[in-house]
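Remarks on the structure that follows.
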There are 2 protein chains.
Amino acid sequence: MKAMAKAEIPSPEELMKIDNFLCFAIYSANHAFTRVYKPLLDDLDLTYPQYLVMVVLWEKDDQTVGSLGDKLFLESSTLTPMLKRLEAMGYISRVRDRADERQVRVRLTETGRALKEKAGTVPCGIIEATGMEPAQIGRLKEEIAALRASLLR
Amino acid sequence: MKAMAKAEIPSPEELMKIDNFLCFAIYSANHAFTRVYKPLLDDLDLTYPQYLVMVVLWEKDDQTVGSLGDKLFLESSTLTPMLKRLEAMGYISRVRDRADERQVRVRLTETGRALKEKAGTVPCGIIEATGMEPAQIGRLKEEIAALRASLLR
DNA sequence: CCACAGTAAATCGTTCGCGATATAATCGCA
DNA sequence: TGCGATTATATCGCGAACGATTTACTGTGG
């Protein structure tokens, strides 16, 4: 056996190996998720980031761009073009708020709302691909969310 | 208290909430890492993905595009433009292999090699930003690497 | 009432990331 | 030998993602 799993301080050499990078594990796992999602989302004509936007809207309809950005940790410079594509596909509408014309209200269309049913099987497919138990998934998710909070602090 | 943390099967409703998505935790943590890296890498004139390429080369110089892609889980369509930028910056050279002209050998320049010293403090800055202990980081990294393996299976 | 600070989206330019495809070199085998 | 299959990289088009900036609206103090 090669590592005694003592609480040793990692040497600078070890610190510089890509396979010891937590960030790289996350970076590459993120790409892996994207690839797993691809075939599942092709049916819905959604990309993975677009799907995340739809999930947020299915959870709560009629949100501003800013509110979506807060939940997804994305900037308006990312969201605006994405939302325009979703609008062009007929899944959402984008309308200036009458009361505050600075804001744009993003709403599901009937088609967009209906898509939720069709997407119902997607999470199962993903869970299966992880090869993990729901409880384990939940635990890992919490740890990573906590990490994210630290990083954004 | 709202959740008894029993090993219940999550309801379809719960499954469709973005904050319960493991993939979203990873997606957003990845963006968070990118933002933390930005100021640390600005000194080196590297983007975060470029930095990862350099790390792999510092670990082992003189690799083919394919070998880099295997280690970073990236396609040539992603790497080729990135490597051209690193070459234009003077950090690497790209030369066709004499023995097998299909391959391109990527090598560090003197400048590129020297950059490793300057980058020495980066991992510490990142570890600090995670707010985690090295052992904890290692454990989490392993879990996510295992997840990645499952997803790519 | 109005200049001005603040806020919300949109726009622009750059870099990543991929799939599909193209190009070019090598390999296998008849 | 030579030709079809395979392999390695490059190219292209598209969709994220961001920082910096712009545009347009709101809200406030004088």
Side-chain angles (χ1 to χ4, degrees), chain A residues 23-24 26-39 41-42 44-54 63-70 72-89 91-92 94-106 152, chain B residues 23-24 26-39 41-42 45-54 63-70 72-89 92 94-106 152:
Chain A
C23 65
F24 175 67
I26 289 183
Y27 169 89
S28 51
N30 184 49
H31 294 162
F33 264 120
T34 303
R35 284 166 215 181
V36 172
Y37 265 109
K38 180 79 167 58
L41 295 180
D42 276 350
L44 312 177
D45 264 305
L46 290 175
T47 65
Y48 172 45
Q50 286 167 4
Y51 169 71
L52 294 178
V53 170
M54 294 301 288
Q63 300 194 53
T64 66
V65 174
S67 151
L68 293 174
D70 288 346
L72 293 165
F73 303 95
L74 295 174
E75 307 296 318
S76 74
S77 46
T78 301
L79 279 170
T80 298
M82 257 176 74
L83 294 172
K84 283 187 178 176
R85 278 176 215 116
L86 289 172
E87 185 180 38
M89 288 188 279
Y91 292 154
I92 64 165
R94 296 161 57 248
V95 187
R96 288 274 163 194
D97 191 308
R98 302 292 286 272
D100 184 345
E101 293 266 345
R102 288 172 303 180
Q103 300 186 150
V104 167
R105 306 220 63 95
V106 180
L152 295 179
Chain B
C23 66
F24 175 67
I26 288 184
Y27 169 89
S28 50
N30 184 50
H31 294 163
F33 265 120
T34 303
R35 284 166 214 179
V36 172
Y37 265 109
K38 180 78 167 59
L41 295 180
D42 276 350
D45 264 306
L46 290 174
T47 66
Y48 172 46
Q50 287 167 2
Y51 170 71
L52 294 178
V53 170
M54 294 301 288
Q63 300 193 53
T64 65
V65 174
S67 150
L68 293 173
D70 288 346
L72 293 165
F73 303 94
L74 294 175
E75 307 296 317
S76 75
S77 45
T78 301
L79 279 171
T80 298
M82 256 176 75
L83 294 172
K84 284 187 176 176
R85 278 175 216 119
L86 289 171
E87 186 181 37
M89 287 189 277
I92 64 165
R94 295 162 58 248
V95 187
R96 288 273 162 192
D97 190 307
R98 303 291 286 274
D100 183 347
E101 293 265 346
R102 288 173 305 180
Q103 301 186 148
V104 167
R105 306 220 63 95
V106 180
L152 295 178

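Lettering of chains follows the sequences in order, A, B, ..., and the numbering in each one begins at 1.
Judged as a side-chain hydrogen bond (donor to acceptor under 3.5 Å, both in side chains), and not counting sequence neighbours, the contacts of B:D100 are B:R102. Annotation: side-chain hydrogen bond (donor to acceptor under 3.5 Å, both in side chains) contacts of A:S67 (sequence neighbours excluded): A:Q63. Annotation: salt bridge (Lys or Arg N to Asp or Glu O under 4.0 Å) contacts of B:R96 (sequence neighbours excluded): none. The side-chain hydrogen bond (donor to acceptor under 3.5 Å, both in side chains) test applied to B:K38 returns B:D42, not counting sequence neighbours. Under the rule for a side chain to side chain contact (heavy atoms under 4.5 Å, CB included), the partners of B:V65 that lie at least two apart in sequence or sit in another chain are B:S76, B:L79, B:L83, B:V104, B:V106. Residues satisfying the side-chain hydrogen bond (donor to acceptor under 3.5 Å, both in side chains) test with B:E87, not counting sequence neighbours, are B:R94. Every residue two or more places apart in sequence or in another chain was checked for a salt bridge (Lys or Arg N to Asp or Glu O under 4.0 Å) with A:D70, and none qualifies. Checked against side chain to side chain contact (heavy atoms under 4.5 Å, CB included), B:T34 has the following partners two or more places apart in sequence or in another chain: B:Y48. By the side chain to side chain contact (heavy atoms under 4.5 Å, CB included) test, A:D97 is found to be paired with A:A99, A:Q103, A:R105, residues two or more places apart in sequence or in another chain being considered.
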Is there any protein nitrogen or oxygen under 3.5 Å from a nitrogen or oxygen in nucleotides 1-5 of chain C, and what are the pairs?
none

Find every protein N or O atom lying less than 3.5 Å from an N or O atom of nucleotides 10-13 of chain D, and list the pairs.
{"residue": "D:dA10", "atom": "OP1", "partner": "B:R94", "partner atom": "NH2", "Å": "2.6"}
{"residue": "D:dA10", "atom": "OP2", "partner": "B:T80", "partner atom": "OG1", "Å": "2.5"}
{"residue": "D:dA10", "atom": "N7", "partner": "B:S76", "partner atom": "OG", "Å": "2.9"}
{"residue": "D:dT11", "atom": "OP2", "partner": "B:K84", "partner atom": "NZ", "Å": "2.5"}

Between the protein and nucleotides 22-24 of chain D, list the N/O to N/O atom pairs that are separated by less than 3.5 angstrom.
none

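Between A:Y27 and B:F33, the ring centre distance reaches or exceeds 6.0 Å.
When distances run from any side-chain atom of A:Y27 to the nucleotides C:dT26, C:dG17, D:dC25, the shortest one goes to C:dG17. When the nucleotides C:dC18, D:dG15, D:dC18 are ranked by their closest atom to the side chain of A:T47, D:dG15 comes out on top. Counting only heavy atoms from C-beta on, B:H31 has its side chain closest to D:dA17 among C:dA25, D:dA17, C:dC18.
Both A:R105 and B:R98 lie close to DNA chain C; mapped to their nearest nucleotides by heavy-atom distance, the more 5′-ward contact belongs to A:R105. The nearest heavy atom of DNA chain D to A:E101 and to A:L74 marks one nucleotide each, and the one closer to the 5' end goes with A:L74. Both A:M82 and B:T64 sit near DNA chain D, but only B:T64 has its closest nucleotide nearer the 5' end.
Between D:dA16 and A:Q50, a contact under 4.0 Å exists linking OP1 or OP2 to a side-chain N or O.
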